[in-house]
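Data block below; observations after.
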Number of protein chains: 2
Amino acid sequence: MDAHPAAGKALNIHQLRTVCSSCSLRELCLPMGLSRAEIEQLDQLVYTRRRIKRGETLYRAGDAFGSLYAIRTGFFKTDVILEDGRDQVTGFHMPGEILGMDGIGTEAHACNAHALEDGEVCVIPFARLEEVSREVRNLQHQFHKVMSREIVRDQGVMMLLGTMRAEERLAAFLLNLSQRFVARGYSPSEFHLRMTREEIGSYLGLKLETVSRIFSKFQDQGLIAVQQKHIRILDTDGLRQLLAYREV
Amino acid sequence: MDAHPAAGKALNIHQLRTVCSSCSLRELCLPMGLSRAEIEQLDQLVYTRRRIKRGETLYRAGDAFGSLYAIRTGFFKTDVILEDGRDQVTGFHMPGEILGMDGIGTEAHACNAHALEDGEVCVIPFARLEEVSREVRNLQHQFHKVMSREIVRDQGVMMLLGTMRAEERLAAFLLNLSQRFVARGYSPSEFHLRMTREEIGSYLGLKLETVSRIFSKFQDQGLIAVQQKHIRILDTDGLRQLLAYREV
DNA sequence: CGAGACCGTTGATCCAGGTCAACACGCCGC
DNA sequence: GCGGCGTGTTGACCTGGATCAACGGTCTCG
């Protein structure tokens, strides 16, 4: 801690830490592809952060929609719950990803977003985002891309749920996580699962016992090493072949 | 046919038929909620139509993305195909719905869009849409809502594929179609399925035999009357209860 | 209007994954 | 350090829907 910060420069350390232009995730998040000047315009609208503790919700289905949230740190899940209690995890979300776009259409959130570990999000007031993106062409386009990619991601999940067998689903899940960890500078082959077997199962349309069994099977086959939530991928190609493999 | 159209007024019958402001779907489609003046600005960018014959594709996965498409007439399906040939129908689409948003993120389409019957779409050049929506606040917002609703729709499909049993899936499917037909002024209880059992199965993550069997079962139970592709819903509440019904 | 290709239905059988049950292993607070 | 609870593993068994197979209906196009 600087006892005597140089005047001016250090004045806004807190703000500096808060803005997109100095954020280490800017290459993954909404500012992706924007120029320095454009990111500075983004800075003007993203000035609030929110800390979420593990187990807490960022928003719930039915909550009035007002903002999007960019994940800064922590791991989140989104889910939808039916009246009868069945729930479907619709996604796991990492730093740099945007949450809350489900709320735009109806002014109310359609799903629940939970923190799987303590984390922090940047609050992006949506009306302001629309305002600024009317002026910053690239921001507008970038935001459209983010939404579009969410639609494509969802199609991938449908494919997984609709056509794949249990082993393929798990393999696809692990490879997808691995890829996303790499993009964030983490190891592609060794990571900590923040979610339970039940949550993985819900996401993949499987029961927790099945998830557990297949992890054990993959371990027996030398594809991965599992120790509770700690996963090490030993044979990426082997996992890939599980996906590619088809009788004909 | 007017042999002697009144001068002036009839000059642009073709154009009149082409613009959003005189389109009967404007309450469902992109112009939803826009003022007369705003819709006229939309007219300036939507001036091309494209006819698609049954069985033809509107676009294919990998095609360069340039435009969105608003369905004017006809029934479409979108699907994703894996290298090994398995395919997943990701949606069935009716007049007033927007196709192509999957392409924005990567500049290339991520799925295939096929016409299930002869139809016509309005071509919406995407760069122009972004341009105009930078000027027309409500158009911008409306477009964001359309994308958001697509995301929410996808979450519904995930729920269906991930947590529902075969009968529930079919019941949900029929109720969803019924609802969308009503919104378009058609009968809620009697309609023609444009897709095959196999396509329904693909969408619902079931095999065509299962779809066929459950249709027969629903018929035996007096819930619906099926004759090939012609469906009559006899007991809407009965179908709803299939969804609501849970052991606890 | 007749042949052939789809498309849909139904029956018999099979099996992937669900269900139920027991137990093991952290991890927490006391 | 101990009891209890949430989480994960594994086994035995069951079942919903897949698979395989046969056949009937209907749309299409020459």
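In the text below, chain A, chain B and the rest are named by the order of the sequence lines, each starting its count at 1.
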Using a cutoff of under 3.5 Å, can you pull out all pairs of nitrogen or oxygen atoms linking the protein to nucleotides 11-19 of chain C, with atom names and distances?
from, atom 1, to, atom 2, distance (Å)
C:dG11, N7, B:Arg213, NH1, 2.9
C:dG11, O6, B:Arg213, NH2, 3.0
C:dA12, N6, B:Arg213, NH2, 3.3
C:dG17, OP1, A:Ala166, N, 2.7
C:dG18, OP2, A:Lys207, N, 3.3
C:dG18, OP2, A:Thr210, OG1, 2.4
C:dT19, O4, A:Arg213, NH2, 2.8

Kindly give the atom pairs (protein nitrogen or oxygen, nucleotide nitrogen or oxygen) under 3.5 Å for nucleotides 2-4 of chain C.
none

Pairs: protein N or O with nucleotides 23-30 of chain D N or O, under 3.5 Å:
none

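Of the possible donor and acceptor atoms, none in the side chain of B:Arg194 sits under 3.5 Å from a partner among the backbone N and O of B:Phe75. Listed for the B:Thr78 side chain is no donor-acceptor partner under 3.5 Å among the backbone atoms of B:Ala113. B:Gln88 places a side-chain N or O within donor-acceptor distance of the main-chain N or O of B:Ser202, the cut-off being under 3.5 Å. For the pair B:Thr163 (side chain) and A:Asp87 (backbone), a donor-acceptor distance under 3.5 Å is absent.
Contact record, B:Ser178 with B:Pro188: OG-O, 2.7 Å, taken as the closest heavy-atom pair.
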Less than 3.5 Å apart, which donor and acceptor atoms pair up between the side chains of residues 54-61 of chain A and the rest of the protein, not counting sequence neighbours?
from, atom 1, to, atom 2, distance (Å)
A:Glu56, OE1, A:Lys53, N, 3.1
A:Tyr59, OH, A:Gly100, N, 3.2
A:Tyr59, OH, A:Asp102, OD1, 3.2

Would you tabulate the side-chain donor-acceptor contacts of residues 169-176 of chain A under 3.5 Å, counting partners in other chains and residues two or more places apart, or write 'none'?
from, atom 1, to, atom 2, distance (Å)
A:Arg169, NE, A:Leu160, O, 3.4
A:Arg169, NE, A:Met164, O, 2.9
A:Arg169, NH1, A:Leu204, O, 2.7
A:Arg169, NH1, A:Gly205, O, 3.4
A:Arg169, NH2, A:Leu161, O, 3.2
A:Arg169, NH2, A:Met164, O, 3.0
A:Asn176, OD1, A:Arg180, NH1, 2.9

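Under the side-chain contact (heavy atoms from CB on, under 4.5 Å) criterion, A:Glu167 pairs with A:Ile214, A:Lys217, A:Phe218, A:Leu242, not counting sequence neighbours. With sequence neighbours excluded, the residues forming a side-chain contact (heavy atoms from CB on, under 4.5 Å) with A:Ser67 are A:Tyr69, A:Val123, A:Pro125, listed by chain and number. Residues that satisfy the side-chain contact (heavy atoms from CB on, under 4.5 Å) test with A:Val226, not counting sequence neighbours, are A:Arg197, A:Phe215, A:Gln219, A:Ile224, A:Ile231. For A:Ala70, the side-chain contact (heavy atoms from CB on, under 4.5 Å) partners two or more places apart in sequence, or in a different chain, are A:Cys29, A:Ile98, A:Cys122, A:Ile124.
Within the structure, the salt bridge (charged side-chain N to carboxylate O under 4.0 Å, His left out) test picks out the following pairs touching residues 151-163 of chain A (sequence neighbours left out): A:Glu150-A:Arg153.
Looking at heavy-atom distances under 4.0 Å, A:Ser216 makes contact with sugar-phosphate atoms alone, never a base.
Taking a 4.0 Å limit (strictly below) on heavy-atom distances, residues 73-82 of chain A does not reach DNA chain D anywhere.
B:Met195 places its CE atom 17 Å from the C1' atom of C:dC6, with the value rounded to the nearest Å.
Taking the screw axis at each terminus of the helix from C:dC1-D:dG30 to C:dC30-D:dG1 from five consecutive base pairs, the angle between the two is 50° to within rounding of 10 degrees.
Side-chain contact between B:Val89 and B:Met195 is absent, with no heavy atoms from C-beta onward closer than 4.5 Å.
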